[in-house]
Amino acid sequence: METPKRIDIRSLTLAELQTQLMAFGEPGFRAKQVYQWLWEKACTDFEEMSNLSKALRESLKDRFEIRAVKIHRSQFSEDRTIKNSFKLYDEHLVEGVLIPTTERMTACISSQVGCSLTCKFCATGYMDRKRNLNADEIYDQVVLIAKQAEQQYNLALTNIVYMGMGEPLLNYANVLRSIERITAEDGLNMSYKRITLSTAGIAKMIKKLGDDGVKCNLALSLHAANDAKRNEIMPINEQNSLSALAEALKYYFAKTKNPVTYEYIVFNNFNDELSDAQELARFCKHVPCKVNLIEYNPISLADFKNAEVDKIEAFSEYLKNQGIITNIRRSRGKDIDAACGQLAIKEQ
């Protein structure tokens with residue numbers, strides 16, 4: 001007779017876990033104890049749940065599994081950035097990055113194995129999308145990177161950005177569930193204000209964020225405020241035009257009152273002219289926002305180059321003169337392919 005398949009315990013809500021435990025004779029309050037071990041203490045081994053009886057720990061092992069994510073490999077940059085490849089329970093790999101600066105410790109985490117969006121400048125876009133990550137796999141990346149921040153730099157994690165591999169809004173339910181567990185009092189208890197969800201721009205899902213009252217920050221990878229140019233580098237724009245995105249962002253802001261961040265990689269001789277800055281400034285009028293101008297990080301699969309420094313400075317000055325909060329984001333971890341747009345699994 002075939003052994004019944006064990007249940008991924010972290011796929012269960014507290015109520016579902018309670019139902020499961022009561023079905024084999026445990027009192028309901030035990031579920032809360034187990035849940036605390038799983039989410040507050042980030043425990044990945046039933047044997048370590050020390051306030052549970054030996055018999056209950058054995059029962060849990062028989063019926064459930066914890067699909068713990070493990071660090072497969074870590075690379076250290078000259079600028080102290082650390083890139084990790086994480087091994088999932090089914091042997092797939094994803095990447096996540098610890099980005100230390102003087103003000104903050106940021107975890108850049110992945111939401112999918114690969115990506116389906118084929119953005120022309122992004123290494124992940126040249127990979128196939130294998131599957132979505134489960135909420136616990138996203139949560140585990142945060143836990144592991146937070147431990148790394150403590151161990152390597154003796155500092156606590158301050159920020160989380162969903163800017164790694166994959167499009168978070170195409171894994172909506174798992175991403176929101178992971179944010180709920182990361183921010184919950186019976187989870188990691190981090191503030192929503194410290195979490196940024198980055199999207200390539202899926203209009204209907206941006207509206208859904210508004211409908212669901214999602215409290216974390218929203219960043220839109222814009223990179224061109226002109227449909228023809230955006231179509232060229234981001235095929236997603238063909239179904240999600242700038243006008244559709246503007247409408248979705250207005251709806252989102254009306255629902256949440258959260259300002260939006262526009263991420264704008266400045267490519268040499270593509271989107272780095274004053275006319276491009278003027279188009280971006282016009283797009284910025286739709287909702288309260290700020291702009292991050294990002295250095296391009298070259299990848300072997302694409303021919304794009306970073307814009308000249310004076311072009312980026314002039315671009316920034318124009319936006320600031322229009323009253324738009326603008327930051328120039330310097331690359332971090334470029335020497336280990338850990339910078340924005342460079343994440344791609346190069347080993348298995």
Side-chain angles (χ1 to χ4, degrees), residues 1-73 84-96 107 109-114 128-147 162 164-166 168 170-189 345 348:
M1 193 172 147
E2 194 178 330
T3 309
K5 193 176 176 192
R6 289 184 299 161
I7 297 168
D8 173 12
I9 194 168
R10 292 189 297 178
S11 70
L12 303 175
T13 64
L14 178 56
E16 288 167 341
L17 181 58
Q18 191 170 43
T19 301
Q20 291 273 345
L21 295 193
M22 289 172 73
F24 61 87
E26 289 293 331
F29 72 86
R30 290 284 182 221
K32 194 157 189 178
Q33 290 179 308
V34 175
Y35 213 67
Q36 185 178 40
W37 280 107
L38 294 172
W39 297 110
E40 276 186 65
K41 300 179 182 177
C43 180
T44 57
D45 184 348
F46 293 120
E47 273 305 312
E48 291 174 8
M49 298 181 179
S50 53
N51 62 345
L52 306 182
S53 69
K54 179 75 175 165
L56 176 53
R57 295 200 300 265
E58 290 301 322
S59 293
L60 291 171
K61 279 190 277 186
D62 288 343
R63 291 170 171 84
F64 302 104
E65 63 179 340
I66 302 172
R67 295 176 172 179
V69 173
K70 295 181 170 60
I71 293 179
H72 178 62
R73 183 177 178 224
N84 303 287
S85 61
F86 296 112
K87 183 165 278 190
L88 312 179
Y89 75 96
D90 58 3
E91 302 296 309
H92 282 308
L93 298 175
V94 295
E95 292 184 335
I109 59 174
S110 294
S111 56
Q112 295 179 307
V113 181
D128 292 332
R129 188 194 74 83
K130 302 292 187 189
R131 69 171 176 86
N132 287 334
L133 293 187
N134 297 324
D136 50 285
E137 294 172 320
I138 299 170
Y139 163 97
D140 276 357
Q141 293 174 69
V142 175
V143 170
L144 291 167
I145 293 174
K147 282 181 184 170
Y162 284 69
M165 303 170 81
L170 291 180
N171 186 16
Y172 190 86
N174 285 314
V175 163
L176 258 60
R177 163 85 167 144
S178 71
I179 292 171
E180 185 273 322
R181 289 288 82 217
I182 289 163
T183 56
E185 282 187 25
D186 63 350
L188 299 182
N189 204 21
I345 299 297
Q348 285 294 336

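Residues: numbered from 1 along the sequence shown. Every heavy atom of this structure was used, including side-chain atoms; hydrogens, water molecules and symmetry mates were not.
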In Å, rounded to the nearest 0.5 Å, how long is the span from [atom1] of [X] to [atom2] of [Y]?
{"X": "Leu21", "Y": "Gln33", "atom1": "CG", "atom2": "CD", "value": "10.0 Å"}
{"X": "Gln20", "Y": "Leu12", "atom1": "CD", "atom2": "CG", "value": "5.5 Å"}
{"X": "Ile66", "Y": "Asp8", "atom1": "CD1", "atom2": "CG", "value": "9.0 Å"}
{"X": "Ser111", "Y": "Ile138", "atom1": "OG", "atom2": "CD1", "value": "6.0 Å"}

Are the side chains of [Y] and [X] in contact, using a 4.5 Å heavy-atom criterion?
{"X": "Glu40", "Y": "Leu188", "answer": "no"}
{"X": "Glu137", "Y": "Val113", "answer": "no"}
{"X": "Asn84", "Y": "Leu144", "answer": "no"}
{"X": "Leu93", "Y": "Phe86", "answer": "no"}
{"X": "Asn51", "Y": "Trp37", "answer": "yes"}
{"X": "Leu60", "Y": "Leu52", "answer": "yes"}

Pairs involving residues 10-20, ordered by first then second residue, that meet salt bridge (Lys or Arg N to Asp or Glu O under 4.0 Å) (sequence neighbours left out):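 Qualifying pairs: Arg10-Asp136, Arg10-Asp140.
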Parallel, tilted or perpendicular: which describes the rings of Trp39 and Tyr139, with under 30° parallel and over 60° perpendicular?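 Rings of Trp39 and Tyr139: perpendicular, over 60°.
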Hey, are Glu47 and Lys54 close enough for a salt bridge, meaning a charged N less than 4.0 Å from a carboxylate O?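 The answer is yes: the pair qualifies as a salt bridge.
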Keeping Ser110 on the side-chain end and Gly164 on the backbone end, is there a donor-acceptor pair under 3.5 Å? no
Give a yes or no on whether Lys70 atom NZ has more than 12 heavy-atom contacts from other residues, nucleotides or ligands under 6.0 Å away.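 At most 12 heavy atoms, drawn from other residues, nucleotides or ligands, come within 6.0 Å of this atom.
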Is it true that atom NZ of Lys32 has more than 12 heavy atoms of other residues, nucleotides or ligands lying nearer than 6.0 Å?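 Not more than 12 within 6.0 Å, no.
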Partner set under salt bridge (Lys or Arg N to Asp or Glu O under 4.0 Å) for Arg63, not counting sequence neighbours: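 For Arg63 there are no salt bridge (Lys or Arg N to Asp or Glu O under 4.0 Å) partners, ignoring immediate neighbours.
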